[in-house]
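Residue numbers start at 1 and run along the sequence shown.
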Amino acid sequence: MNAQKLSRRLETVAKFVPTGAIVADIGSDHAYLPCYLIHKGIASYVVAGEVVKGPFESAVGQVQKEGLSEKVKVRLANGLAAVEKEDHVDTVTIAGMGGPLIVSILEKHPEKLQGITRLILQPNIHAKVIREWALAHNWAILDEEILEEDDKIYEILVLQRSHMELTELEILVGPKLMQRKSATFIKKWTREKENWQRVLQSIEGADQTPEIDEKRAELETLIHLVEGVL
């Protein structure tokens, strides 16, 4: 992977960036995505935010190597603190982290989301918490995608400002993904269901405690929900 050829995961993130967008890529690592967005004529300007000094320096070096210092600004900052009002950012990408960490980044500097019209989020795990956050903060799911790369399954959520309502099942598996029911979607949730069934089986012989009863009820609910969509 490099600034000209992204992984399939990041390429999918890139395809949801509107043409001409001003982007903030948070947790940019080597700044491959920002450089790609400029090279392909997708974004007009990108802020690449990185909180760790080593990856920040790698990103700076990558941008200089690509000759894009005028179009990609790399900043050492924690999450959305990398975004400044003068940037006029309208699109935020956050990829390659867990869902709870992505949500914590969005919640830490809510004022930085003013003027943002699109969020493109790629959690490695726990996409559900992002949907819950979106529901609570008046963001709606514009699109979703699920893909498999290097034996890992990833979900990508594209959010825009709007009201939405989701069922418990839609929060868990994703309303757009549920409609399409791709082979990767079926594979992910079949695997999850089997894991829950194994855990349920393992606690069947356990002593009856409020905690065990609560866990059993939770697993049975999850299994029942997912069975309804497989």
- Do Gln197 and Gln201 have a side chain donor and acceptor closer than 3.5 Å?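 Side-chain D/A pair, Gln197 to Gln201: absent.
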- Message: Hydrogens and angles aside, do Asp90 and Thr117 bring a side-chain donor and acceptor to less than 3.5 Å of each other?
- Response: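 No, no side-chain donor-acceptor contact under 3.5 Å.
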- Would you call Lys112 and Glu84 a salt bridge, using N to O less than 4.0 angstrom?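 Salt bridge between Lys112 and Glu84, a charged N being under 4.0 Å from a carboxylate O: no.
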- Item | Test: Arg8 and Glu148 ion pair at under 4.0 Å |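 Result for this pair is no, no salt bridge flagged.
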- Item | Of Ile105, Asn124, Val103, the residue whose pairing with Met97 passes side chain to side chain contact (heavy atoms under 4.5 Å, CB included) |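 Output: one option passes, namely Ile105.
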Please check if the side chain of [X] supplies one atom and the backbone of [Y] the other of a donor-acceptor pair under 3.5 Å.
X	Y	value
Glu50	Pro55	no
His137	Trp133	yes
Ser44	Gly20	yes
Lys181	Val229	yes
Arg118	Leu142	no

- Query: Would you say the side chain of Gln122 lies within less than 4.5 Å of the side chain of Arg9, judging by non-hydrogen atoms?
  - Reply: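 Touching, per the 4.5 Å side-chain cut-off.
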- Is the closest side-chain heavy-atom distance between His224 and Glu220 below 4.5 Å?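 No; the side chains remain at least 4.5 Å from each other.
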- Over all heavy atoms of both residues, which pair between Asp213 and Gln208 is shortest? Give the atoms and the distance, please.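 Shortest heavy-atom separation between Asp213 and Gln208 comes out as OD1-OE1, 2.9 Å.
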- Task: Check each of Arg131, Lys176, Gln179, Arg180 against Glu144 using the side-chain hydrogen bond (donor to acceptor under 3.5 Å, both in side chains) test, and report the only one that passes.
- Result: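 So, applying the side-chain hydrogen bond (donor to acceptor under 3.5 Å, both in side chains) to Glu144 and each of Arg131, Lys176, Gln179, Arg180, only Arg131 qualifies.
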Heavy-atom neighbours of [X] [atom1] exceed 12 at 6.0 Å:
X	atom1	answer
His39	NE2	yes
Glu165	CD	no
Lys73	NZ	no
Glu111	CD	yes

- Query: Is there a salt bridge (Lys or Arg N to Asp or Glu O under 4.0 Å) between Arg75 and Asp87 once you walk through the steps?
  - Reply: CA-CA 12 Å; Arg75 294 196 181 118; Asp87 298 322; 2.8 Å; yes
- Message: Once rounded to the nearest 0.5 Å, what's the spacing between atom OG1 of Thr167 and atom CG of Leu172?
- Response: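 Those atoms lie 9.5 Å apart.
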